[in-house]
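The next block holds one structure in the form of structure tokens; read it before the comments.
Below, read A as the first sequence line, B as the second, and so on, with proteins coming before strands; counting in each chain starts at 1. All values below come from the heavy atoms of this structure, side chains included, with hydrogens, waters and symmetry mates left out.
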Number of protein chains: 4
Amino acid sequence: MSTEAPKPLTRRAERTRAKLVTAARKVFEKHGVLETRIVDIAKEAGVAVGSFYTYFESKEELLREVAATLYVELIPPLPAEVGPDPRARIEAGNRAYVRAYEKNARILTLVQHQTLSDATLRGLYEEARAAFIARVERSIRRLQREGLSPKDVSPRLAAHMLAGMVHEFCYTTFGFGTVDFDPEEAVSTLTTLWTRALALKPETKKKSKP
Amino acid sequence: MSTEAPKPLTRRAERTRAKLVTAARKVFEKHGVLETRIVDIAKEAGVAVGSFYTYFESKEELLREVAATLYVELIPPLPAEVGPDPRARIEAGNRAYVRAYEKNARILTLVQHQTLSDATLRGLYEEARAAFIARVERSIRRLQREGLSPKDVSPRLAAHMLAGMVHEFCYTTFGFGTVDFDPEEAVSTLTTLWTRALALKPETKKKSKP
Amino acid sequence: MSTEAPKPLTRRAERTRAKLVTAARKVFEKHGVLETRIVDIAKEAGVAVGSFYTYFESKEELLREVAATLYVELIPPLPAEVGPDPRARIEAGNRAYVRAYEKNARILTLVQHQTLSDATLRGLYEEARAAFIARVERSIRRLQREGLSPKDVSPRLAAHMLAGMVHEFCYTTFGFGTVDFDPEEAVSTLTTLWTRALALKPETKKKSKP
Amino acid sequence: MSTEAPKPLTRRAERTRAKLVTAARKVFEKHGVLETRIVDIAKEAGVAVGSFYTYFESKEELLREVAATLYVELIPPLPAEVGPDPRARIEAGNRAYVRAYEKNARILTLVQHQTLSDATLRGLYEEARAAFIARVERSIRRLQREGLSPKDVSPRLAAHMLAGMVHEFCYTTFGFGTVDFDPEEAVSTLTTLWTRALALKPETKKKSKP
DNA sequence: CATGAATGAGGCTTCATTCAT
DNA sequence: CATGAATGAAGCCTCATTCAT
């Protein structure tokens, strides 16, 4: 969409910019996005306020940059070694999501928050989310096509709901301190619920040889 | 719960207060909580700024009041006529949630938002949420006890996840304008996924065949 | 200056007014004049804010009323039984001042304070003060005339200074909690310093010469 | 005394800060402390309101700074050339006080005023005052020891009273426009009253020369 | 590029005063 | 007369943004 000029930065500039991004994430996590003032970021980064504006237009722009990085980590492409087994693929996706969320819980929650008042950020989020859902949807569609899952639910709708289940679980579990579940049990349970919800034939049997 | 003096309000006071609550909800929905200034609420209510402070300490306090009302509507006790059938009960609960959310989508989303920066509000939310989850958990526990659902998942964990699925679906579907699903189909699909996830014996009746 | 109408008050009115004066003095003493809001006075008096304005135009007006009462007490006419002895008269005046100040220290200090921003109040104060000083001045003048005190100081100036000494001593000693002197010793010392400052022949008696 | 970071100010900052102090003193003197709004100070200084907060937390903090300066001037150490003669020393102290007060009458009165509602400021004042009184007390104690003054008064009490006489005289004479005395005559009279009050032997001899 | 002081619009809150009941 | 809710002017303070050094 955007035709940005690549703007090559000098070495020094690169460093200052990086310092700001790191500092921002730190103070965002510590005090929340809204509560963070530009001065706080600058102070944490050890640079002057003015320098902030050399690289970013606003807190929001900086946050978007942070967010983009996070989303990539949250929904990585499934690694090749996972293999074709549906349950394994579902589990792998869930594990990646749960683990990544757990790791970046605080900042992800804050980003999520900001999503409501920052349309651009929301765009980023929905893009990431849509990609994830699309993958799930394709998966369900295939299962249905292959007769491994009943066709009584809309793949798109089911994808939304199941993906949402995972996301919401992470958001409430890791985002606040209020509940405390074991991540690995969570992954396993999520996967069980998910596969059963799709009425997936359990172990798509083994080829049965004569 | 609170130990405050109840202070019975005069007729006029009652009216002014109500005007403020109504107005606040309106402007919150229109412009968002953060973007709303006290003056906006007062103006919308047709009263002076000072009057706001006669009844509320802050925007947040007012929002909490709005939130409390909403949560009650979101998770009502299941009406007696629903009967004992698990699927029917699950469907009724889902329908109530979906319908209530749909109806108050915008303000619920905003409240949800505020939840992150207002601990008291979050308390209210988590209380409501916990009650809902507890109900689901009890239900799962009973199903497992009666042999209607396998015991391979923790009732508590599953309750969290399934309740979360419903909530998150509503939040994303109704909270923003980005996706557009038919509510009734959604209720049906949610219920299907939910019951299957619990591996609920479809028609529990006895069928009995000779 | 003002030709006030006597305005006869009804019984009820009289009572409400009195309640306000009493309440005002109480809250003034407790929280300071500036810190006291009209509501506070009304609340303390157990009447509605509106009623305050039925009797007073402002806090200041009320305070002036309180002040006037206090000043009368502070500088009462010397009682007849004191007799003509200069030292005894000086001591009596000092004792009255010290005792009255001690008794009403807090409110006197506050009034004193208000004196700076309320010209009318200052008028009251200076009137009272001037009367006191005038009495002292007359006394010094007489002593000088009778040869009992050297004429090397202006009676007016000395009166100012000596009266001021007494006042300031009370103001600092009783107005704040910082110093703590015995009132009776103070009266005695003030009197000693005062009489010596005027180089008053110690025991004026002596009379009779053979 | 304070454990704050010293923060060395840049040249420009120094200048702005000074402009604010000067301006503040000016408007305080003109309109009174309470009547002065932050905007007034900023406007007088020719800077923006925000700049005020770069250097001070509040009007009060600024006033304290002004006060501290004044107190130093009010009670300077006696210069060496005064010599050891008690009367001369007393006179020198009185003259310094009277002259400094006269010079800064208005602002000193205002500061004095603020003293009542600002505990920190009062602390400053009492510290300065205590130092002055302590000096007087030491002096009286020595005179008594050397038999130059009778021991029938407590040095501490007398010090309080005599110092108070000087202060109060200045406060009333210079603080308001109501009385009008010649400063030099005042110094002389104060000194006379003071020395006589201590029953100081007039010209501590010197005489005798064959 | 970096710096950080200066700017000032904008929101919050208080409370003396009014006035309809 | 009493009541107390309503009013809104007025001051406070923050902080994103600019710009001279």
Side-chain angles (χ1 to χ4, degrees), chain A residues 9-17 35-43 45-60, chain B residues 7 9-17 19-20 34-40 42-43 45-59, chain C residues 9-17 35-43 45-60, chain D residues 7 9-17 19-20 34-40 42-43 45-59:
Chain A
L9 296 178
T10 70
R11 193 71 50 86
R12 176 159 73 139
E14 202 84 72
R15 233 180 309 123
T16 304
R17 194 178 197 286
E35 292 71 20
T36 297
R37 289 145 19 213
I38 305 280
V39 221
D40 300 328
I41 300 177
K43 200 166 287 174
V47 305
V49 250
S51 295
F52 179 92
Y53 288 93
T54 308
Y55 301 103
F56 305 96
E57 291 245 297
S58 63
K59 251 191 327 197
E60 286 67 34
Chain B
K7 294 189 231 164
L9 296 179
T10 68
R11 192 73 49 82
R12 182 151 72 130
E14 203 86 73
R15 229 182 310 128
T16 306
R17 194 178 197 285
K19 273 196 275 183
L20 282 164
L34 271 169
E35 292 72 19
T36 297
R37 293 157 312 160
I38 305 278
V39 220
D40 299 329
K43 203 166 284 174
V47 304
V49 246
S51 294
F52 179 91
Y53 290 94
T54 306
Y55 302 103
F56 305 97
E57 293 244 296
S58 62
K59 256 190 323 198
Chain C
L9 296 179
T10 70
R11 194 71 50 85
R12 177 158 73 140
E14 202 85 72
R15 233 181 308 125
T16 305
R17 193 176 198 288
E35 292 71 20
T36 296
R37 289 148 17 214
I38 305 278
V39 220
D40 299 329
I41 300 177
K43 201 166 284 173
V47 305
V49 248
S51 295
F52 180 92
Y53 288 93
T54 307
Y55 301 103
F56 305 97
E57 290 244 300
S58 63
K59 254 193 320 200
E60 285 67 37
Chain D
K7 296 188 224 162
L9 296 178
T10 66
R11 190 73 48 85
R12 181 151 72 130
E14 203 86 73
R15 228 181 312 126
T16 306
R17 193 178 197 287
K19 272 196 275 181
L20 281 164
L34 272 168
E35 293 71 19
T36 297
R37 292 158 313 159
I38 306 278
V39 220
D40 299 329
K43 203 164 285 174
V47 304
V49 244
S51 294
F52 178 92
Y53 290 96
T54 307
Y55 301 103
F56 306 97
E57 293 244 297
S58 62
K59 255 190 324 197

5'-most by nearest nucleotide on DNA chain E - A:Arg11 or D:Tyr55: A:Arg11
Which comes earlier along DNA chain E counting from the 5' end, the contact point of D:Ala48 or that of C:Glu35, where each point is its nearest nucleotide?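 Per heavy-atom nearest nucleotide, the more 5' residue is D:Ala48.
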Residues two or more places apart in sequence or in another chain: which of them pass side-chain contact (heavy atoms from CB on, under 4.5 Å) with [X]?
{"X": "C:Ser58", "value": "C:Glu60, C:Glu61"}
{"X": "C:Glu14", "value": "C:Leu9"}
{"X": "A:Val47", "value": "A:Thr16, A:Lys19, A:Leu20, A:Ala42, A:Ala45, A:Ser51"}

Just the dot-bracket of DNA chain F, please: which string comes out with Watson-Crick or G-U pairs under 3.5 Å, [ ] for crossing, | for another strand? .||||||||||||||||||||
Does B:Asp40 form a salt bridge (charged side-chain N to carboxylate O under 4.0 Å, His left out) with B:Lys43? I'd like the steps, not just the answer. CA-CA 5 Å; B:Asp40 299 329; B:Lys43 203 166 284 174; 5.8 Å; no
Residue pair [X] / [Y]: nearest heavy atoms and the distance that separates them:
{"X": "D:Lys59", "Y": "D:Leu34", "value": "NZ-O, 3.5 Å"}
{"X": "D:Ile38", "Y": "D:Val49", "value": "CG2-CG1, 4.1 Å"}
{"X": "A:Ile41", "Y": "A:Thr36", "value": "CG1-CG2, 3.6 Å"}

What residues form a ring-ring contact (aromatic ring centres under 6.0 Å, His included) with A:Phe56, not counting sequence neighbours? A:Phe52
Comparing nearest nucleotides in DNA chain F, the 5'-proximal residue of the pair D:Phe52, B:Arg17 is B:Arg17
Rounded to whole Å, how long is the line connecting atom CD of A:Glu14 with atom C1' of E:dA2? 17 Å
OP1 or OP2 of E:dA2 less than 4.0 angstrom from a side-chain nitrogen or oxygen of A:Thr16, does that happen here? yes
For B:Ser51 and F:dT7, is the shortest distance between a side-chain N/O and OP1 or OP2 below 4.0 Å?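 True: B:Ser51 side-chain N/O within range (under 4.0 Å) of F:dT7 OP1/OP2.
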Measure all distances between protein nitrogen or oxygen atoms and nitrogen or oxygen atoms of nucleotides 16-19 of chain E, and list the pairs falling under 3.5 Å.
unit_1	atom_1	unit_2	atom_2	d
E:dA16	OP2	C:Ile38	N	3.0
E:dT17	OP2	C:Tyr53	OH	3.0

